[in-house]
Every structure is written in structure tokens, then in C-alpha cells.
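Because the structure is predicted, anything quoted here is derived from the model rather than measured.
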2 protein chains.
Amino acid sequence: MRDRPPVPIKAAVRRTTLAVDVVVLSPRTDALAVLLIRAPASARERWSLPWDAPQPGEGLEDAAARIANAALGAAPAYFEQVGALSDGRRHPGDADVSVGIAALSPAGVGLPIEDAEWFPLASLPALAPRHRTIVDRAAAVVRQRVDQSPLAFRLLAPTFTLSDLQGVYELLLGRRLHKASFRRALQASYLVEPTDEWRSEGRGRPAQLFRYAPKKRRGARRGVRFDLFTE
Amino acid sequence: MRDRPPVPIKAAVRRTTLAVDVVVLSPRTDALAVLLIRAPASARERWSLPWDAPQPGEGLEDAAARIANAALGAAPAYFEQVGALSDGRRHPGDADVSVGIAALSPAGVGLPIEDAEWFPLASLPALAPRHRTIVDRAAAVVRQRVDQSPLAFRLLAPTFTLSDLQGVYELLLGRRLHKASFRRALQASYLVEPTDEWRSEGRGRPAQLFRYAPKKRRGARRGVRFDLFTE
DNA sequence: TCAATAGTGTCTGTTAGACATTATGGA
DNA sequence: TCCATAATGTCTAACAGACACTATTGA
């Protein structure tokens with residue numbers, strides 16, 4: 001059992017082409033939307049994710065910020081890495097390895113450039129296979145981390161109503177939530193504080209505006225949930 | 001507002017040096033342990049994570065499997081990507097970008113090569129700064145995903161007692177769990193099935209052996225938890 | 001006045017943790 | 001016999017969801 005290949009302690013590092021592919025997500029008209037840019041006529045698909053190679057010395061999140069900014073016309077509020085992919089799937093720039101990054105932006109922020117457009121997550125046009133995978137993974141990552149990470153608040157303006165917040169959670173989770181339970185749990189979490197402003201939208205009672213203001217508190221210490229469902 | 005930099009639709013892809021850094025995790029004597037390999041005398045730190053550049057055409061997980069196999073002498077049971085890093089922190093091979101991958105292996109599997117050793121997660125020797133970051137992130141990722149992913153079962157032999165399983169969860173979560181609650185939740189999850197074998201270890205009543213055998217079931221549909229704790 | 005939305009109080013079934021008890025082996 | 005560990009039953013407090021109700025605005 002001692003004739004295994006030696007450990008590559010100081011292996012020769014090969015050179016690889018690397019792309020940062022950004023999934024800019026934003027709530028648009030009752031659906032999560034992705035920002036896509038029009039591809040040149042020569043490309044096989046007509047749309048693609050905003051992407052680029054990182055500049056020398058530029059961090060991956062910095063590159064993602066630059067790329068998102070160029071397409072959206074504003075800096076997204078939050079970045080979450082989706083992971084690195086180097087399967088055989090085709091990338092528009094034929095990069096060997098892609099780092100997928102989800103960028104979250106509130107509705108109505110920024111003015112996308114002429115060649116960019118929002119598409120609902122549920123009805124995307126054809127994308128290069130690797131971009132398709134990255135979008136799917138980004139959506140999964142965002143859904144998975146929504147209650148460990150303040151993701152939802154990054155899809156909202158600095159002040160928001162509790163119905164706004166619940167709406168974002170419903171978009172992210174893809175299902176309706178119970179209003180009273182949602183507010184009770186939110187109250188117990190000390191994540192938001194009320195402002196003294198109210199917003200009136202058409203009919204109905206005006207809603208109080210809140211802001212994200214998490215209070216330090218000890219972790220929940222709850223039991224194991226075994227939330228694996230094999231589908 | 002139209003004089004923003006053009007979108008890099010077809011940017012020139014630069015070449016980058018890429019490393020896959022593997023955090024092999026295994027339960028050893030009541031603590032999670034990481035497999036490190038002895039670095040050459042010329043290196044600044046005496047130990048490092050097993051790592052290598054991916055071969056041309058080799059997927060990242062394939063590379064991680066090859067690298068882990070070379071150090072551990074056996075294939076780990078599970079891989080979970082930790083993410084890509086390209087901050088300025090120093091890497092033993094000076095790679096521009098590292099992809100960190102956590103590899104899980106049951107206790108007692110494999111025979112580490114001569115230059116490899118297990119270190120408890122809580123008392124690691126000095127590592128190159130980027131390796132240190134990757135280890136910390138791997139531990140965080142594993143802790144975070146333990147109830148969405150069958151991680152715990154990959155740190156156990158194919159059959160195990162419920163006390164074994166609870167012990168692994170306690171290692172991963174870093175806290176004690178309530179026995180009756182743990183078993184109730186496990187029962188309700190349909191993740192394990194009993195075998196007709198029993199194991200007697202020293203004193204005490206012998207324990208029944210179980211195996212991981214998840215049944216298809218619908219997702220839990222529970223409410224939002226707001227499990228962000230800012231510490 | 002009606003319609004629509006915000007926000008809250010109460011009830012009930014479920015569940016997590018505390019505690020106690022039984023079961024079964026080895027020393 | 002005693003001790004250690006496995007496995008399970010019961011009680012209780014906390015919680016999630018259903019439902020109903022009040023509050024406050026615009027049409």
C-alpha cells in the first residue's frame with residue numbers, strides 16, 4: 001500500500017482561462033428577474049449573463065461588482081458566490097472555469113444599459129449551457145440561504161413595509177407565507193425596527209415603514225431539522 | 001447616463017493560475033480532523049492542505065477526488081465545494097485563484113501517506129493564509145449545510161448506531177443535542193432504516209445498527225426562521 | 001358605504017426539550 | 001449485584017398556522 005502516486009506538494013500550476021459570470025437578481029412585477037445582455041449576432045444564443053475575466057489583482061467579488069455595475073448602471077447591494085464550474089459545458093467565452101456570483105439589487109435601482117433586459121427567472125431565453133447551470137444554481141443558493149443570510153433585505157429599498165418584506169420572502173421561497181406567523185417570527189428575531197413613516201398605496205390602510213436593523217442575539221440553539229428531501 | 005463603459009460581451013479571457021485546495025475532514029477521537037501534508041523545508045509553513053492544479057479537461061470535483069485520494073489513500077465519500085478565493089492572501093503554490101473543496105471521509109477509512117497527518121480542527125498548525133481561510137470556510141460550510149445535505153452520513157461507515165450518528169451531528173454543530181428529540185426528529189424524517197444487526201461496545205446495552213436509506217418525501221413547508229444571528 | 005389592505009388577538013394542533021422509566025448487556 | 005448505555009413514554013412550554021376581528025385609508 002506504499003506505492004501510491006506521490007502527493008503534489010509543489011505541483012506546477014497550469015494556466016487556465018477564468019470567467020466571472022454574474023446573475024443579477026431583482027424583484028420585478030411579482031417575480032424574481034435576471035438581468036441578461038444581448039449577445040453578438042455571431043453567438044449561438046441571443047442572450048447571455050454579464051460576464052468578464054477578472055483583471056489582474058482584482059478580487060472575484062470586485063470583478064462581479066464591476067461587471068454588474070456595467071450592465072445595471074448601479075452597484076448591487078449584495079453578492080453571494082454560487083461556486084466554480086469547470087464541467088464540459090459550453091461558455092460564451094469558452095472559459096475553462098467559471099465562477100458564478102449572484103448579485104442582489106432592489107427593484108427600481110439602476111438603469112440597465114440598452115443591450116440589457118430583465119427576464120423572469122421562470123421564463124428565460126436560451127442561454128449557453130454553462131450559463132443556464134449557473135442561473136439555476138444561483139436561484140437554488142439564494143433560496144437555500146434565505147434564512148441564514150439577510151438576502152431578502154438586499155432586494156428591498158432601505159425602508160420597506162412588512163408586506164414588501166413578506167412578498168420578497170415569498171418570491172425567494174416560491175410559496176405563500178402566513179401573515180401573522182411571518183410577523184410573529186420577525187418580531188422575535190429583532191431584525192427590523194419601525195420608522196415613524198407610513199406609506200399609502202392606493203386603497204387600504206397605510207403601512208408603517210421599517211428598516212433592517214439587526215440586534216445582536218445568541219444563536220437559536222434549536223434541534224436538528226433533517227431537512228433533506230430527496231426529489 | 002449613457003456614457004458608461006461598454007458591457008464586455010466578448011471580452012478577452014486572460015490566463016490565470018488555478019489551484020484546487022482540498023479540506024479532507026474526518027471524525028477522530030471526539031473532534032473533527034483535517035488531513036494536512038508536510039511541506040518542503042523551503043516553504044514558510046511546515047504544513048499545507050493537499051492541493052494541485054486541475055489537469056486539462058478534468059472537472060474540479062474530479063481533481064479534488066484525485067488530490068484527496070493521493071493523500072488519504074482512499075476516496076472520500078462526499079465532496080462539497082467551499083468556493084473560489086482570489087483575495088491577495090498567500091497560497092503555497094502562488095496560485096491566483098483557489099477553489100476550496102471539502103471532502104468527507106468516515107473515521108478509519110484509508111491509510112494516510114507518510115507525509116500526511118490528521119489535526120483536530122481546533123488546533124491546527126500554521127498554514128499559508130489562504131489555506132487557513134479555506135479551512136475556516138470549509139468548517140463553516142459543513143456546519144451550515146448539515147441539515148440540508150446528508151453530510152453527517154458521509155462521515156460514518158455504511159452502518160452505524162444512532163449514538164454514532166448523534167455524535168457526528170454534535171461534532172459538526174459543536175454542541176450537545178437532546179437524545180430523545182434527536183431520535184424523534186430522525187424517525188419523522190425517514191432517512192434511516194434499521195438493520196437486524198446489533199453492536200455491543202464494552203458495557204451497556206448493545207445498540208441497533210442503522211443504514212442511511214432516505215425515502216422520498218415532500219419538503220417540510222415550514223415557516224421562515226430568520227436564523228441570522230449577528231455575532 | 002364599500003372595497004382593500006394593515007395589523008392584531010385567540011385558539012389549536014404540533015413539536016422540542018426535560019424528565020423519568022424500562023431494557024439489556026458487561027464488570 | 002451494580003453500572004453503563006440504549007431506547008422509549010409522558011409532561012409541558014413554545015410555536016406555527018387557521019381564523020376572526022379591528023383599523024384606516026381611497027373610491
Centres of the A:Y169 and A:F182 rings: under 6.0 Å?
-> yes

From CZ of B:R225 across to C1' of C:dT15 the rounded distance in Å is 10 Å

Pairing donors with acceptors under 3.5 angstrom, does anything connect the side chains of B:T133 and B:R130? no

Every protein N/O lying under 3.5 Å from an N/O of nucleotides 5-7 of chain D:
from  : atom 1 : to     : atom 2 : distance (Å)
D:dT5 : O2     : B:R205 : N      : 3.2
D:dA6 : OP1    : B:S163 : OG     : 2.7
D:dA6 : OP2    : B:S163 : OG     : 3.3
D:dA6 : N3     : B:R205 : NH1    : 3.2
D:dA7 : OP1    : B:Q208 : N      : 2.9
D:dA7 : OP2    : B:R183 : NH1    : 3.0
D:dA7 : N7     : B:K179 : NZ     : 3.1

Whole-Å distance, A:H178 NE2 to D:dC15 C1', equals 13 Å

#### Entry: Short side-chain to backbone donor-acceptor contact, A:K179 and A:L177, under 3.5 Å
no

Residue pair B:R184/B:V224 against DNA chain D: nearer the 5' end by closest nucleotide is B:R184

Of C:dG25, D:dG9, D:dA16, the nucleotide closest to the side chain of B:A180 is D:dG9

Atom CZ of A:F182 and atom C1' of D:dC19 are separated, to the nearest Å, by 20 Å

Worksheet item: Is any NZ, NE, NH1 or NH2 atom of the basic residue among A:E193 and A:R211 found under 4.0 Å from an Asp or Glu carboxylate oxygen of the other?
Response: yes

Does a donor on one side chain and an acceptor on the other come within less than 3.5 Å for B:T161 and B:R199?
no

Quiz item: For B:A188, which contact category applies under a 4.0 Å heavy-atom criterion: base, sugar-phosphate, or nothing?
Solution: nothing

Exam field: side chain B:T195 to backbone B:E197, donor-acceptor pair closer than 3.5 Å | yes

